[in-house]
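These notes concern the structure reproduced below.
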Amino acid sequence: MPRTNTIRTAAPPADTDLQQVRSLLQKQRAFFASGHTLNLEFRLERLRELQQAILQHEQELLDAMYADFRKPQVEAYATEIGFIELELKLVLKNLSSWVKPQRVKESLLNFPSRSYIHSDPYGITLIIAPWNYPFQLLLAPLIGAMAAGNCAIVKPSELTPNTSAVVARMLRAHFNEAYVAAVEGGVSTTQHLLQQRFDYIFFTGSTKVGKIVMRAAAEHLTPVTLELGGKSPAIVTEDADLGLAARRIAWGKFMNAGQTCIAPDYLLVQESIKEDLIQHIIQYIEQFYGQDPQQSPDFARIINETHFNRLSSYLTNGVLRTGGVTDAATRYIAPTLLDKVTWQHPVMKEEIFGPILPVLTFGQLDEAIATVKQHEKPLGLYLFTSDNEKKEQVLAHTFFGGGCVNDTISHVANPNLPFGGVGNSGMGSYHGKSSFDLFSQQKSVLHRGTWLDLPMRYPPYANRLQLLRKAFKWL
Ligand code: NAD
């Protein structure tokens, strides 16, 4: 597909009606009850099938994401397709050991015995994805759900209709819908899905819709994972390597045009180095995207008109240091730095989710920590410093989902680090083994030996209290 400066707006996917949703769920219930997904070989084969499906559809997926919001191919490969391929490789390599019941230490109270944790699938899972990483955020939880032996219904975002269509087509071509199915559609489709009883719901999206999902899940006591957003700070202290900090902040902020849940939302920089840091960031924006970022093939567009208008309205907040250029026809907003911003400005009242970086300052590190703690616990936090004591101080006194010291975003690329938020930025975490654990019910089983059966525990208890006290102290 030729790369152009225009964006194609595809029609949103047609909604899926309630009857279709119900009948799909019935099929999945029956399939799960058949026990096929409990089998390790079944799971491995299907995960390999998914690997093949992605390989076959790779170019189509890259084109679809470009068509949806001009997501640059390199970014789309690294953060969506390549990311998922690595996740699949890791799961395929380790699943046979993960599924084994894990033996745990005994309690002497139960002597003689052996205790195990079995990882059971929940059953039918619902995975609801947002638009900003429309492939990765649908497939990563799906891999976890499949690895753990669940059936899954995935709901791609209606705001990326091209990607939604390719993913749905890909899953239909490779999987029986009684096992894995994509349900396309907008809000009413999600509402139909949420009315049903699922065994697990995995939602990625806004905090506002996260609450709707959790309310619906409560109706059926369905466990949920919520992967939400928030305002993730990038704190820069005066001893940091400013050039490196600027480069890594600009990369993490302007990738995907700032539409990344863990993008640094705002800068919290020590007053004494603010000017230097701003100059470095301006220099890197130009180095990355040229003098006119609108012409750069490496800079994405804003997802829709509503978000374009919301983001454009922030451009009058504070003082513009670079950027600020917009083009409604192509939903372009230049990489922008806003200086002299306060928490009273609208840009600081909600998650920005766009290529606008407000600059706030602090005098002493305590103030920066206090600022972070005065607000909701963020999904990410990035600290740039060369001072170990400062590092320890920030890590010990701030609470956030995950983050980096001297980098942005990169923690998401280590599958050994559980990925998730806390408080308003979410609950539950996944990636790698954590995904398998998240989609598994931990069933605890004690196997009691039969060769010894002390009469102590059985009534009549008579005067065993003293003896029992001594025994518990000794244990
Ligand atoms: P969103 O909450 O608007 O939509 C997510 C999904 O919810 C979509 O599939 C949509 O169909 C559905 N939905 C929307 N309104 C609904 C309603 N009223 N009732 C039921 N379902 C509804 O989120 P978005 O705009 O697609 O994504 C952006 C948000 O997602 C940001 O807040 C971002 O921080 C967050 N996010 C979080 C992560 C993470 O991993 N924590 C990753 C990416 C995005």
Side-chain angles (χ1 to χ4, degrees), residues 4-10 12 65-72 75 130-134 157-162 186-187 205-209 229-234 249-267 278 281-282 284-286 288-360 375:
T4 65
N5 206 15
T6 55
I7 36 179
R8 293 191 303 141
T9 310
M65 286 185 263
Y66 188 85
D68 280 327
F69 60 114
R70 275 202 47 177
K71 190 184 271 260
E75 285 183 11
W131 54 267
N132 62 332
Y133 288 82
S157 171
E158 67 279 15
L159 299 188
T160 39
N162 296 290
V187 172
S206 60
T207 303
K208 189 179 120 219
V209 180
K231 290 186 87 62
S232 304
I249 289 168
W251 172 75
K253 176 70 186 187
F254 301 115
M255 172 193 292
N256 215 33
Q259 302 165 113
T260 302
C261 56
I262 46 169
D265 186 272
Y266 63 98
L267 262 186
I278 288 178
I281 294 179
I282 293 173
Y284 280 115
I285 290 174
E286 197 178 318
F288 292 174
Y289 307 111
Q291 280 198 333
D292 179 6
Q294 197 166 2
Q295 306 309 321
S296 165
D298 299 327
F299 188 67
R301 295 300 183 258
I302 305 307
I303 187 65
N304 64 11
E305 204 183 323
T306 311
H307 283 291
F308 175 84
N309 292 336
R310 177 183 61 83
L311 289 162
S312 299
S313 75
Y314 296 150
L315 295 172
T316 52
N317 294 187
V319 175
L320 198 64
R321 296 298 300 268
T322 189
V325 178
T326 64
D327 176 34
T330 55
R331 301 195 303 265
Y332 165 77
I333 297 183
T336 297
L337 266 186
L338 289 179
D339 193 5
K340 303 208 186 306
V341 170
T342 69
W343 286 93
Q344 273 62 57
H345 284 113
V347 72
M348 293 308 290
K349 297 256 184 239
E350 59 180 5
E351 180 184 18
I352 299 170
F353 225 57
I356 299 171
L357 184 62
V359 183
L360 281 84
H375 298 92

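Scope of the values below: all heavy atoms of this structure, side chains included, with no hydrogens, waters or symmetry mates.
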Provide the closest heavy-atom pair for [X] versus [Y] in the form atom of the first, atom of the second, distance.
X	Y	answer
Lys71	Pro134	CE-CD, 4.2 Å
Leu338	Tyr314	CD1-O, 3.5 Å
Gly323	Ala334	CA-CB, 4.0 Å
Met348	Pro358	SD-CG, 3.8 Å
Pro355	Phe254	O-CE2, 3.3 Å
Leu311	Phe353	CD1-O, 3.9 Å

- Query: Is the backbone N or O of His345 less than 3.5 Å from a side-chain atom of Asn317, with the two atoms forming a donor-acceptor pair by type?
  - Reply: no

Spatial distance of atom [atom1] ([X]) from atom [atom2] ([Y]) [nearest 0.5 Å]:
X	Y	atom1	atom2	result
Lys253	Thr260	NZ	OG1	9.0 Å
Ile278	Asp339	CD1	CG	4.0 Å
Glu350	Lys231	CD	NZ	7.5 Å
Ser296	Tyr289	OG	OH	7.0 Å
Asn132	His307	CG	NE2	9.5 Å
Gln259	Glu351	CD	CD	10.5 Å

Given side chains that start at C-beta, do those of [X] and [Y] come closer than 4.5 Å, heavy atoms only?
X	Y	value
Leu320	Thr336	yes
Tyr332	Phe299	yes
Asp68	Pro161	yes
Ile333	Ser312	yes
Arg331	Ile303	no
Thr330	Gln294	yes
Ile281	Val359	no

- Message: The test is side-chain contact (heavy atoms from CB on, under 4.5 Å); show your working for Glu158 and Val187 and say whether it passes.
- Response: CA-CA 8 Å; Glu158 67 279 15; Val187 172; 4.0 Å; yes

- Query: How far apart are the C-alpha atoms of Tyr133 and Asn256, what are their side-chain angles, what is the distance that settles it, and do they pass the side-chain contact (heavy atoms from CB on, under 4.5 Å) test?
  - Reply: CA-CA 9 Å; Tyr133 288 82; Asn256 215 33; 3.4 Å; yes

- Note on the structure: side-chain contact (heavy atoms from CB on, under 4.5 Å) with Phe69: of Thr160, Asn162, Ile302, Asn304, only one passes, and it is Thr160

- When you look at Leu357 and Ile249, which way does the side-chain contact (heavy atoms from CB on, under 4.5 Å) test go after all the steps? CA-CA 10 Å; Leu357 184 62; Ile249 289 168; 4.0 Å; yes

